[in-house]
**Student:** 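What follows is a single structure, and I will ask about it in a moment.
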Amino acid sequence: MAKASMHFHWSNKVSNEDDQDITPQSNPCPKTTINQSPLPKKKLQAVTIARFRSVLTTINKNRTNLLNSLGPRVLGTFFGSRRGHVYFAIQRNPTSQPAFLIELQTPISNLVKEMASGLVRIALECDKDEDKTKKMSDSRKLLEEPVWRTYCNGKKCGFAMKRECGDKEWRVLKAVEPISMGAGVLPPEKKVDGEYEEGDEIMYMRAKFERISGSRDSEAFYMMNPDSNAAPELSVYLLRI
């Protein structure tokens, strides 16, 4: 993997069958037809629900395995269009699905300004489940929380929402897959006529992070600087309070 400088210069980069009437002839006993009726509606609904639950169980199991497989070193990527919000993705490695993907209400242009100061502290807070009867083993993992309050360098920045990695987000992560550390700009997605939409480029910042799990209600991600240069220092804190 190619490594880029940590000065983060934002540069461009490239049915049932019908019954038949049978007239008896020599045989005095009339022939009977057997109707094969379809499944009752209630039974059909039950089968559909069972299949749906099976799919959800498989998805949740895969997601749990992904969360459990995160080690002390992860790959973090901030990205978003120039006129859009910031997305933050955490991956085990460049080719794996994100174990954590959220959308912050903060415009990515604001994040760039904060990074120019050389120090960025992002805190994400969520509330604990007040249901005391809920078993510890059945409670939601910290990285599975859906809604977060966001603070950037001590200033409240609205809320952040957990997102699923769709085609658009995965396209960005695949585009920066060869990059282990660095920042830049990706061209926007082509429109129907084959042209690019001006001003809708994707800005990104990608780095390796050290993951520290304080407890089941707190985690921290510290950006790892490859050298002692005056690169922006970035940390992300997840707290359930």
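The structure displayed is predicted, hence computed values, not measured ones.
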**Student:** With E125, which residues qualify under salt bridge (Lys or Arg N to Asp or Glu O under 4.0 Å), at least two apart?
**Tutor:** R149
**Student:** Could you check if a side-chain atom of M115 sits within less than 4.5 angstrom of a side-chain atom of M205, using non-hydrogen atoms only?
**Tutor:** yes
**Student:** Run the side-chain hydrogen bond (donor to acceptor under 3.5 Å, both in side chains) test against T77 and tell me which residues pass, sequence neighbours left out.
**Tutor:** R206
**Student:** Test R92 against V74 for side chain to side chain contact (heavy atoms under 4.5 Å, CB included), laying out the working first.
**Tutor:** CA-CA 5 Å; R92 181 183 57 186; V74 297; 6.0 Å; no
**Student:** Salt bridge (Lys or Arg N to Asp or Glu O under 4.0 Å) with K174: which residues, sequence neighbours excluded?
**Tutor:**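 Once residues adjacent in sequence are excluded, the partners of K174 under the salt bridge (Lys or Arg N to Asp or Glu O under 4.0 Å) criterion are E177.
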**Student:** Is Y151 reachable from V120 through a run of I, L, V, M, F, W or Y residues, each pair having side-chain heavy atoms under 4.5 Å apart?
**Tutor:** no
**Student:** Among residues at least two apart in sequence or on other chains, which ones pass ring pair (Phe, Tyr, Trp, His ring centres under 6.0 Å) with F79?
**Tutor:** Y87
**Student:** Roughly how far apart are S81 OG and D200 CG, rounded to 0.5 Å?
**Tutor:** 4.5 Å
**Student:** Nearest 0.5 Å, what's the CG-CZ distance between L124 and F221?
**Tutor:** 9.5 Å
**Student:** Which residues pass the side-chain hydrogen bond (donor to acceptor under 3.5 Å, both in side chains) test with R163, sequence neighbours left out?
**Tutor:** E103
**Student:** May I have the step-by-step check of side chain to side chain contact (heavy atoms under 4.5 Å, CB included) for I179 and Y204, ending in yes or no?
**Tutor:** CA-CA 11 Å; I179 302 173; Y204 71 90; 3.1 Å; yes
**Student:** Could you grab the distance from atom CH2 of W170 to atom CD of Q97, nearest 0.5 Å is fine?
**Tutor:**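 It comes to 4.5 Å.
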**Student:** Is a donor from one side chain sitting under 3.5 angstrom from an acceptor on the other, for N153 and E114?
**Tutor:** yes
**Student:** Quick check: closest heavy atoms across S96 and Q91, and the distance to 0.1 Å?
**Tutor:** O-NE2, 2.8 Å
**Student:** Is C157 close to Q105 at the side-chain level, that is, under 4.5 Å between some pair of heavy atoms?
**Tutor:**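 The answer is no; the side chains never approach within 4.5 Å.
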**Student:** Could you work out, with side chain to side chain contact (heavy atoms under 4.5 Å, CB included) as the rule, every residue matching S109, not counting sequence neighbours?
**Tutor:**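 Checked S109 against side chain to side chain contact (heavy atoms under 4.5 Å, CB included); matches are P107.
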**Student:** Decide side chain to side chain contact (heavy atoms under 4.5 Å, CB included) for L104 and H85; before the verdict, give the C-alpha distance in whole Å, the side-chain angles of both, and the deciding distance to 0.1 Å.
**Tutor:** CA-CA 6 Å; L104 291 73; H85 294 163; 5.8 Å; no
**Student:** Report the residues that fulfil side-chain hydrogen bond (donor to acceptor under 3.5 Å, both in side chains) with K156, sequence neighbours left out, ordered by chain and then residue number.
**Tutor:** none
**Student:** What distance do I108 atom CD1 and R82 atom CZ have between them, rounded to the nearest 0.5 Å?
**Tutor:** 9.0 Å
**Student:** Looking at L186, is its backbone amide N or carbonyl O close enough to the side chain of E201 to form a donor-acceptor pair, meaning the two atoms are under 3.5 Å apart?
**Tutor:**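 No, the answer is negative, given that no donor and acceptor are paired below the 3.5 Å cut-off.
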**Student:** Do I102 and Y222 sit in the same hydrophobic cluster, where Ile, Leu, Val, Met, Phe, Trp and Tyr count as joined when their side-chain heavy atoms come under 4.5 Å apart?
**Tutor:**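 No: no chain of side-chain contacts under 4.5 Å links I102 to Y222.
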**Student:** For N110, enumerate each residue passing the side-chain hydrogen bond (donor to acceptor under 3.5 Å, both in side chains) test, keeping only those at least two apart in sequence or located in another chain.
**Tutor:**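 Expected list: none.
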**Student:** Do L101 and E164 come close enough that some side-chain heavy atom pair is under 4.5 Å?
**Tutor:**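 No, every pair of side-chain atoms sits at 4.5 Å or beyond.
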**Student:** Quick one, L173 and P98 - any side-chain contact, counting heavy atoms below 4.5 Å?
**Tutor:**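 Side-chain contact under 4.5 Å: yes.
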**Student:** Any non-hydrogen side-chain atom of K208 less than 4.5 Å from a side-chain atom of M181?
**Tutor:**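 The answer is yes; the side chains approach within 4.5 Å.
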**Student:** What class does the angle between the rings of F78 and F88 fall in, given that below 30° is parallel, 30 to 60° is tilted and above 60° is perpendicular?
**Tutor:**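 Correct class here is parallel.
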**Student:** Using atom types as modelled, flag every donor-acceptor pair under 3.5 Å from a side chain in residues 234-241 to any protein atom, sequence neighbours excluded.
**Tutor:**
unit_1	atom_1	unit_2	atom_2	d
R240	NE	D217	OD1	2.7
R240	NH1	R140	O	2.9
R240	NH1	E145	OE2	2.7
R240	NH2	R216	O	2.8
R240	NH2	D217	OD1	3.1

**Student:** Working to the nearest 0.5 angstrom, can you tell me the gap between I212 CD1 and S218 OG?
**Tutor:**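 Answer for the CD1-OG pair, I212 versus S218, is 10.5 Å.
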**Student:** Apart from F159 itself, what residues make up its hydrophobic cluster when side-chain heavy atoms of I, L, V, M, F, W and Y under 4.5 Å apart count as a link, directly or indirectly?
**Tutor:**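 Hydrophobic cluster check, F159: joined to V147, M161.
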**Student:** Going through the checks in order, is the side chain to side chain contact (heavy atoms under 4.5 Å, CB included) test met by L75 and N93?
**Tutor:** CA-CA 6 Å; L75 193 61; N93 57 60; over 6 Å; no
**Student:** Suppose we screen for salt bridge (Lys or Arg N to Asp or Glu O under 4.0 Å). Which residues come up paired with R171, at least two apart in sequence or across chains?
**Tutor:** E189
**Student:** Is a side-chain N or O of R211 found less than 3.5 angstrom from the main chain of L70, in a donor-acceptor match?
**Tutor:** yes
**Student:** Which heavy atom in A175 sits nearest to a heavy atom in P178, and how many Å separate them?
**Tutor:** O-CD, 3.7 Å
